[in-house]
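These numbers come from the heavy atoms of this one structure, side chains and all, not from hydrogens, waters or symmetry mates.
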Amino acid sequence: MIGIGLVVLGIFLLVLPVLVGTLFERRQGQTDGLMFYWVSGQMLIWAGFLVICVPMILLRQSFSLVSTLFHGYQGVLLLAAIVLGIYKKCRRVGIQKKEIGKKTGMATKIWWVVFWLLLILQWVLTIFLAYEEGDDAFYFATATITEQSDTMYLLLPYTGYATGLDARHGLAPFPVWIAYLAKVSEIPALVVAQVILPLALLGMSYGIYYLMAKHLCTEKEETVPLFMVLTEILFLFGGYSLFTAENFMLVRASQGKAVIAGIILPFLMYLLMRLMRNMQKQERSGIAFWILFATTMAAACLCSTQGTILSCVLIGIAGLCVAVSYKKIRLLIPLVLCSGVPVCMALLYFVVK
């Protein structure tokens with residue numbers, strides 16, 4: 001049963017996000033790579049879970065109902081990705097482009113080997129070394145009690161006794177998503193959170209930095225593995241404080257706050273880099289790009305209530321600087337629209353508080 005559960009988690013954490021992420025493929029047929037599809041697909045899935053789960057929590061509905069609705073949502077996304085993929089493949093019939101592969105130098109191969117060795121080391125350290133984290137007593141207990149009681153934020157995670165609706169934490173139901181993974185895989189929520197999720201989330205974090213490296217090192221692609229190794233060194237020696245992004249990802253990767261610091265905000269920065277590159281080339285950012293931007297902002301709200309304000313602050317400051325620098329004030333309009341979900345969640349927070 002454990003083997004089957006691991007396969008199910010592999011499908012929900014790896015295969016499904018990659019397939020869903022192909023919805024954001026460029027219209028010209030240019031491939032962005034599996035890493036981009038993986039991250040963007042996960043953002044769309046997280047955004048949908050937020051929209052489905054939060055109203056059900058406020059209405060005091062069961063966890064089973066959320067799981068059923070979320071199953072349907074993912075099924076619709078998967079069906080849309082398959083149909084769109086078939087359509088694009090049919091349009092490309094007869095159009096074959098030969099790509100000349102670049103030879104990889106020995107130094108580049110060595111740096112990639114070093115990167116993978118360091119990544120495996122971090123995976124091992126994350127899984128097998130115990131770390132005392134007080135927040136785990138709340139978040140992981142919340143995920144466990146959600147799965148077992150079929151309720152959401154109606155029981156105290158410390159004692160299991162009934163209480164009033166914890167709406168403040170319910171506005172960022174990342175532990176409920178962990179409970180969902182535990183339910184579909186039939187693996188205990190604590191095992192999912194402490195053992196399996198760190199593998200996927202830490203890999204996703206490095207995947208985002210890989211996308212940044214490819215974006216920054218377009219003229220010298222052989223420097224990409226060196227960039228990644230230096231990033232890993234910063235991660236390994238970033239534990240000089242309990243509140244660094246590096247510490248968050250290595251010792252509590254399954255907490256929503258760590259996902260904000262290690263995945264959401266870096267991916268927003270990557271999207272901003274793509275936006276500025278498009279403006280430099282005087283190219284329009286398509287509707288798919290702005291949908292991805294909006295879903296990433298919504299995913300920030302799922303992970304933590306802090307993500308609501310942090311994502312808006314980042315986009316507000318960066319967007320204003322870009323708009324002024326390129327003399328395109330109209331750019332602020334889509335950025336404001338993309339911030340719609342965080343703004344609504346912030347207003348909802350003051351209402352339920």
Do Arg274's NZ or CZ and the ring of Phe36 fall within the cation-pi criteria of under 6.0 Å and 45°?
-> yes
May I ask you to decide if [Y]'s main-chain N or O and [X]'s side chain share a donor-acceptor pair within less than 3.5 Å?
X: Trp38; Y: Leu13; answer: yes
X: Thr244; Y: Asn247; answer: yes
X: Glu186; Y: Gly5; answer: no
X: Thr163; Y: Leu155; answer: no

Rounded to the nearest 0.5 Å, what separation is found between the [atom1] atom of [X] and the [atom2] atom of [Y]?
X: Ile82; Y: Leu19; atom1: CD1; atom2: CG; value: 7.0 Å
X: Phe235; Y: Glu232; atom1: CZ; atom2: CD; value: 9.0 Å
X: Arg252; Y: Leu197; atom1: CZ; atom2: CG; value: 16.0 Å
X: Ile196; Y: Ile187; atom1: CD1; atom2: CD1; value: 4.0 Å
X: Ile11; Y: Leu6; atom1: CD1; atom2: CG; value: 11.5 Å
X: Phe227; Y: Leu230; atom1: CZ; atom2: CG; value: 8.5 Å

Run the numbers on Val195 and Thr126 for side chain to side chain contact (heavy atoms under 4.5 Å, CB included), then give the verdict.
-> CA-CA 8 Å; Val195 178; Thr126 301; over 6 Å; no
Would Ser62 and Met152 satisfy side chain to side chain contact (heavy atoms under 4.5 Å, CB included), going step by step from the backbone distance to the final call?
-> CA-CA 7 Å; Ser62 66; Met152 297 179 294; over 6 Å; no
For residues [X] and [Y], determine if any side-chain heavy atom of one lies less than 4.5 Å from a side-chain heavy atom of the other.
X: Phe12; Y: Val184; result: yes
X: Phe248; Y: Val259; result: no
X: Tyr37; Y: Pro17; result: no
X: Leu58; Y: Leu348; result: yes
X: Ser311; Y: Leu268; result: yes

Given the rule that I, L, V, M, F, W and Y join up when any side-chain heavy atoms are under 4.5 Å apart, are Ile287 and Ile315 in one cluster?
-> yes
List the atom pairs, with distances to 0.1 Å, where a side-chain N or O of residues 200-212 and a protein N or O form a donor-acceptor pair under 3.5 Å, not counting sequence neighbours.
| unit_1 | atom_1 | unit_2 | atom_2 | d |
| --- | --- | --- | --- | --- |
| Ser205 | OG | Gly262 | O | 2.9 |
| Tyr206 | OH | Gln122 | OE1 | 2.7 |
| Tyr206 | OH | Gln122 | NE2 | 2.9 |

Aromatic contact, Trp177 with Phe174 (centres under 6.0 Å) |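 Ring centres of Phe174 and Trp177 closer than 6.0 Å.
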Are Phe115 and Trp112 close enough, and set up right, to give a ring-ring contact (aromatic ring centres under 6.0 Å, His included), and what steps lead you there?
-> CA-CA 5 Å; Phe115 165 76; Trp112 276 122; 5.6 Å; yes
Looking only at heavy atoms, what is the nearest atom pair of [X] and [Y], with distance?
X: Thr144; Y: Ala189; answer: OG1-CB, 3.8 Å
X: Ile178; Y: Ala193; answer: CG2-CB, 4.1 Å
X: Leu34; Y: Val18; answer: CD2-CG1, 3.7 Å
X: Val54; Y: Gly170; answer: CG2-O, 3.9 Å
X: Ile260; Y: Gly307; answer: CD1-CA, 3.6 Å
X: Tyr139; Y: Pro175; answer: O-CB, 3.6 Å

Out of Gln280, Met279, Met273, which residue meets the side-chain contact (heavy atoms from CB on, under 4.5 Å) rule with Arg277?
-> Gln280
Would you find more than 12 non-hydrogen atoms of other residues, nucleotides or ligands less than 6.0 Å from Leu59 atom CG?
-> yes
Over 12 foreign heavy atoms within 6.0 Å of CH2, Trp123 |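 More than 12 within 6.0 Å, yes.
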Hey, what's the ring geometry for Phe138 with His169, parallel, tilted or perpendicular (30° and 60° as the breaks)?
->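 Rings of Phe138 and His169: tilted, as their planes differ by 30° to 60°.
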Would you give me the side-chain donor-acceptor pairs under 3.5 Å for residues 293-306, sequence neighbours excluded?
| unit_1 | atom_1 | unit_2 | atom_2 | d |
| --- | --- | --- | --- | --- |
| Thr295 | OG1 | Ile291 | O | 3.1 |
| Thr295 | OG1 | Leu292 | O | 2.8 |
| Thr296 | OG1 | Leu292 | O | 2.8 |
| Ser304 | OG | Gln306 | N | 3.1 |

Under 3.5 Å, which donor-acceptor pairs do the side chains of residues 65-81 form with other protein atoms, sequence neighbours left out?
| unit_1 | atom_1 | unit_2 | atom_2 | d |
| --- | --- | --- | --- | --- |
| Ser67 | OG | Phe63 | O | 3.1 |
| Thr68 | OG1 | Ser64 | O | 3.0 |
| His71 | ND1 | Tyr180 | OH | 2.9 |
| Tyr73 | OH | Leu44 | O | 2.8 |
| Gln74 | NE2 | Tyr180 | OH | 2.7 |

Is there a side-chain hydrogen bond (donor to acceptor under 3.5 Å, both in side chains) between Tyr240 and Glu246 once you walk through the steps?
-> CA-CA 9 Å; Tyr240 55 86; Glu246 297 87 351; 5.0 Å; no
